Amino acid sequence: MTALPIPNLSLSSGTTIPQLGAGVYLVKPGEAVDVVGTALEVGYRHIDTASLYGNEAEVGAAIAKSGLARDEVFVTTKLWNTDQSRAAEAFQESLDRLALDRVDLYLIHWPQPMYGEALGAWRSLIDIADSGRASAIGVSNFEISDLRQLIDETGVVPAVNQIELHPLHQRRELVEFCTEHGIVVEAWGPLAQGKSDLFEREELLEIARAHGKSAAQVVLRWHVQQGRVVFPKTVRRARLIENADIFDFALTDGELATIDAFEAGTNFGPDPRTFDKR
Ligand code: NAD
């Protein structure tokens, strides 16, 4: 159970986060214990789950089964939209399902600006962080205006913003705002959810061949080389290993620019400004 050589990034909370982890969205509860167990076994130490994913209990069970010490595994979970007005209770329910007394990062999953409840939820997360039960707190899918509101009203800057981000959807203005405010950007859907023609593009394959890596590894490297956190999802052991094997090569500025040029404003997830899911 040796940890993979994955760098840590500093969070404004004073804690650190492994730059690469395993995301478990759409990993069915029935397979989550095995998938998370395999991830930990091959050396992952960072799991990204959410109340919505319905697999917090299995994530917690896999961590317990691994025998790893609590502080060796970084666990993120998220507050679901319907719970924004009862964040303290929902957080405790997540802890209970995970069978943990602390998470490393707790996020508001979506801003849901049409309901105006995210600010109240953020105040609850600040209390949770003060209690020591979340070592860091942050948000997900927040736009600049949503972030500004939290910062202006509470003075507490989210440690991370977890957003859809991949070569076809780069969110440059939002990323720049986060960087200026010391907010670490976590890229969800880092591989465009496997829904695009990205991995067939000749420019990408050429870069991959030059480094003896796969197209997916090159895209993940493009993310981490720009200081972002990623947790690509896969249920396959071989791909878990492949996706983490990206810290022994570097893309040139020219190669980074080639991938930058794939920007197309194409999102595969919902638009956070209008996403209304209750
Ligand atoms: P992803 O970009 O990680 O894509 C996953 C898909 O990519 C897999 O199903 C598979 O088809 C393909 N894939 C994975 N490894 C591959 C490889 N080595 N080669 C070729 N194809 C490969 O998409 P995702 O699962 O949506 O995002 C990752 C994680 O981000 C999620 O599991 C979840 O933890 C998080 N997430 C968060 C939000 C949010 O709203 N905060 C939304 C979606 C996902």
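These numbers were taken from a predicted model, which means no experiment stands behind them. Both counts, for ligands and for their atoms, begin at 1 and track the order of listing.
The pair Lys213-Asp248 meets the salt-bridge criterion, since a charged nitrogen lies less than 4.0 angstrom from a carboxylate oxygen. Here Glu93 pairs with Arg86 in a salt bridge; the nearest charged N to carboxylate O distance falls below 4.0 Å.
Remark: Arg201 is positioned above the aromatic ring of Phe262, its terminal NZ or CZ atom under 6.0 angstrom from the ring centre and at most 45 degrees off the axis. Remark: Arg228 qualifies as a cation-pi partner of Trp222 under the 6.0 Å distance and 45° angle criteria applied to the six-membered ring. Geometrically, Arg45 does not engage Phe74 in a cation-pi contact, judged by NZ or CZ lying under 6.0 Å from the ring centre and within 45° of the ring axis.
Every atom of ligand 1 is numbered from 1 in the order shown, and the set under 4.0 Å from a heavy atom of Asn243 is 15 (N), 17 (C), 18 (N). Each of the following atoms of ligand 1 lies closer than 4.0 Å to a heavy atom of Gln162: 35 (C), 36 (N), 37 (C), 38 (C), 39 (C), 41 (N). If you number the atoms of ligand 1 from 1 as listed, the ones under 4.0 Å from a heavy atom of Asp48 come out as 33 (C), 34 (O), 35 (C). Interface atoms of ligand 1 facing Ala192, defined by a heavy-atom separation under 4.0 Å, are 2 (O). Close approach of ligand 1 to His109 (heavy-atom distance below 4.0 Å) involves ligand atoms 39 (C), 40 (O), 41 (N). Of all atoms in ligand 1, numbered sequentially from 1 with element shown, those under 4.0 Å from a heavy atom of Trp110 are 40 (O).
Of the heavy atoms in Ser214, none comes closer than 4.0 Å to ligand 1. Contact annotation: for Leu107 versus ligand 1, there are no heavy atoms closer than 4.0 Å. Heavy atoms of Glu242 found under 4.0 angstrom from ligand 1 belong exclusively to the side chain. When heavy-atom distances to ligand 1 are checked against a 4.0 Å cut-off, Phe231 comes that close through both its backbone and its side chain. By the criterion of a heavy-atom distance under 4.0 Å, both the backbone and the side chain of Lys233 are placed next to ligand 1.
Using 4.0 Å as the threshold, Gly269 has no heavy atom nearer than that to any atom of ligand 1. Judged by the shortest distance from any of its heavy atoms, Phe268 lies outside the 4.0 Å radius around the atoms of ligand 1.
Under the 3.5 Å distance criterion, with hydrogens and angles disregarded, a donor-acceptor pair is assigned to the side chains of Asn55 and Thr49. Defined by atom type and a distance below 3.5 Å, a donor-acceptor pair is missing between the side-chain atoms of Ser51 and Glu56. Side-chain atoms of Trp188 and Asn141 form a donor-acceptor pair, as typed in the model, at a separation below 3.5 Å. Of the N and O atoms on the side chains of Glu203 and Thr258, not one donor lies less than 3.5 Å from an acceptor on the other residue. For Tyr25 and Asp48, the side-chain atoms include no donor-acceptor pair closer than 3.5 Å.
When only interatomic distances are considered, the shortest N/O to N/O separation between Ala216 and ligand 1 does not fall below 3.5 Å. Looking at ligand 1, you'll find an N or O of Pro190 within less than 3.5 Å of one of its N or O atoms. Polar contact check, Tyr25 against ligand 1: a nitrogen or oxygen pair lies under 3.5 Å apart. Backbone and side-chain nitrogen or oxygen atoms of Lys78 are examined, and none is located within less than 3.5 angstrom of a nitrogen or oxygen of ligand 1.
Between Phe275 and Trp110, the two ring planes are tilted [angle within 30° to 60°]. Ring geometry, His109 versus Trp80: the interplanar angle exceeds 60°, so the pair is classed perpendicular (tilted spans 30 to 60°).
Atom 7 (O) of ligand 1 has as its closest protein heavy atom Gly194 N, 3.7 Å. Nearest to atom 4 (O) of ligand 1 among the protein's heavy atoms is Gln193 CA, 3.2 Å. The protein heavy atom nearest to atom 44 (C) of ligand 1 is Trp188 CE3, 3.7 Å. Given atom 22 (C) of ligand 1, the protein heavy atom at minimum distance is Arg239 NH1, 3.6 Å. In terms of protein heavy-atom proximity, atom 27 (O) of ligand 1 is closest to Gly189 N, 3.0 Å.
Remark: Arg70 CZ is packed, more than 12 non-hydrogen atoms of other residues, nucleotides or ligands lying under 6.0 Å away.
Distances from atom 13 (N) of ligand 1 to the heavy atoms of Leu191, Asn141, Val139, Ile47 put Leu191 nearest.
Linking Ile, Leu, Val, Met, Phe, Trp and Tyr residues whenever their side-chain heavy atoms come within less than 4.5 Å leaves Val219 and Leu205 in two separate clusters.
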